[in-house]
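In what follows, a structure is listed as structure tokens, so that the remarks can point back to it.
Counting convention: from 1, in listed order, for ligands and their atoms alike.
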Amino acid sequence: MKKILIANRGEIALRVHRACQEMGIRTVAVHSTADASAMHVRLADESVCIGPPSARDSYLNVAAILSAATITGAEGIHPGYGFLSENARFAEMVEAHGLTFIGPTADHIRMMGDKIAAKDAMRRLGVPLVPGSLGALESLDEARTVAEQVMYPVLIKAAAGGGGRGMKVARNADEIEEAWRVARTEAKAAFGDDAVYLEKYLDRPRHIELQILADTHGNVVHFGERDCSLQRRHQKLVEEAGSPVLTAAERDALGAQVTTALKGLGYRNAGTLEFLWQDGQFAFIEMNTRLQVEHPVTEMVCGVDLVREQIRIAAGEALGYGQEDVRFGGHAIECRITAEDPETFAPSPGKVTTFHAPGGLGVRVDSALYSGYSVPPHYDSLVAKLVVHAPTRAQAIARARRALDEMVVDGIKTTIPLHRRIMADPEFQAGDYTIHWLERFVAR
Ligand code: ADP
């Protein structure tokens, strides 16, 4: 491929652009009217305005994006994360227009986008699951029956779920009716689909996910795990590679199981399998068929450029290395910095008067900010990812603290002060946390 259109904005559009530049591939940026002066537009070789500020009319506007690709002569489209990245119909239309979709097949996107189908596929491939309903719940009575079988507390989840929406806990039989009703209403409102399923609600799990790459020649390789347990409202805030609790043997065992399963599935390109881990047991919850926000921590410990690999795979190249060639070096931590009040989490868009990125050994900042840039109110609040890499976890934390102290984002509120507090906390430093830890920490 000689030219790629990047169907995204912000830091991830820059991330893809950088990989393309290093591969000698020209880039086409697309942007809304609100993003005319955005960094991804400034850096790309070409840019096309695809609509007004509302994402529905611009970054989700399939016709405008395909037209932009056609008029600029792009050969491939990289969707980044969010927006159209997990839209099977979009992947199909890209291919129908004779372009390469840099991602998995539409069928795999569709399968994993339906969490019930995803769990079913993984169960058949022998991957362990969180106990729960086999398929969608047909009625409240069925929900009650399954809840009694797996034992309360339980979680009712939207089949089409994402972003932590359409998920409700029932602690006992008195709460099941309400959880059933609210989860379905939320699912219908957010996804236009009220299909729900039930899982046992684990009381103190960690969220541990595994990064894989699969080429079109039958090779599947994993790049180890990321621990993403630090979440607020089921949204990740800090991610680490590797997990403070996992041994190399446990990683290898999970990796072998997952790569075998994905070979069975005939999966291609990048993917992440998400698990809950409790008492030494893994239980699959979902698979993301795209690049993840937190992919840089994996890149730092494995020394791999995942976007470059995605593009090579989409072009039909073989990986050219095997599992034994993947090495894990040191520890990496990512802090997601958002334009939000660090205490109330109220959005804080607006003009950035000064932006100064930290630097030095083992520090990486993925951000589309610059001094004088106005963060628009229309999109996701993520404005920077601070990623640090060091030989040990303790050194990585020290490096993160040093880098957070150097970093300046003036004019808007950001979550930098919250990250400073987390990195300074003894429990975090001990690696002693579950998915519920951060909610309590924030409330302190
Ligand atoms: P989404 O697609 O909305 O992000 P996920 O299924 O990935 O939903 O779950 C998001 C988060 O919700 C998980 O990382 C975990 O913190 C929590 N969660 C999901 N399922 C369970 C469960 N069965 N028990 C406890 N927590 C869960």
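- His436 pairs by the ring pair (Phe, Tyr, Trp, His ring centres under 6.0 Å) definition with Tyr201, not counting sequence neighbours.
- Close approach to Met167 involves these atoms of ligand 1, each under 4.0 Å from a residue heavy atom: 3 (O), 8 (O), 9 (O), 10 (C), 12 (O).
- Protein heavy atom at the shortest distance from atom 12 (O) of ligand 1 is His234 ND1, 3.0 Å.
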Practice prompt. Determine, step by step, whether Asp194 and Lys188 satisfy the salt bridge (charged side-chain N to carboxylate O under 4.0 Å, His left out) criterion, reporting the C-alpha distance in whole Å, the side-chain angles of both residues, the deciding distance to 0.1 Å, and the verdict.
Written response: CA-CA 5 Å; Asp194 65 3; Lys188 183 81 189 164; 5.4 Å; no
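- Under the 30°/60° scheme for interplanar angles, the aromatic rings of Phe441 and Trp437 are found to lie parallel.
- At a heavy-atom cutoff of 4.0 Å, ligand 1 is contacted by the side chain of Lys115 but not by its backbone.
- Annotation for ligand 1: atoms under 4.0 Å from non-hydrogen atoms of Tyr201 are 24 (N), 25 (C), 26 (N).
- Under the 30°/60° scheme for interplanar angles, the aromatic rings of His108 and Tyr267 are found to be tilted.
- Distance from atom 24 (N) of ligand 1 to its nearest protein heavy atom, with residue and atom name: Leu202 N, 3.0 Å.
- Every atom of ligand 1 is numbered from 1 in the order shown, and the set under 4.0 Å from a heavy atom of Ile435 is 15 (C), 16 (O), 26 (N).
- Within ligand 1, counting atoms from 1 as listed, the ones closer than 4.0 Å to a heavy atom of Gly163 are 1 (P), 3 (O), 4 (O).
- Side-chain atoms of Thr27 and His17 form a donor-acceptor pair, as typed in the model, at a separation below 3.5 Å.
- Close contacts between ligand 1 and Glu286 involve ligand atoms 1 (P), 2 (O), 4 (O), 5 (P), 7 (O), 8 (O) [criterion: under 4.0 Å to a heavy atom].
- Ranking protein heavy atoms by distance to atom 16 (O) of ligand 1, first place goes to Gln231 OE1, 2.7 Å.
- With contacts defined as side-chain heavy-atom distances shorter than 4.5 Å, the pair Glu294/Lys236 qualifies.
- Nearest-residue assignment for atom 20 (N) of ligand 1 (options Lys157, Arg204, His436, Lys119; heavy-atom criterion): Lys157.
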Discussion item. Could you walk me through whether Phe355 and Ser367 satisfy the side-chain contact (heavy atoms from CB on, under 4.5 Å) test, starting with their C-alpha distance in whole Å, then the side-chain angles of each, then the deciding distance to 0.1 Å, before giving a yes or no?
Written reply: CA-CA 10 Å; Phe355 173 62; Ser367 173; 4.0 Å; yes
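- Selection from Pro153, Gly164, Gly113 by nearest heavy atom to atom 3 (O) of ligand 1 gives Gly164.
- Ligand-side atoms of ligand 1 in range of Glu274: 7 (O), range being under 4.0 angstrom from any heavy atom.
- For Arg171 and Tyr152, the positive end is not near the middle of the six-membered ring at less than 6.0 Å and at most 45° from its axis.
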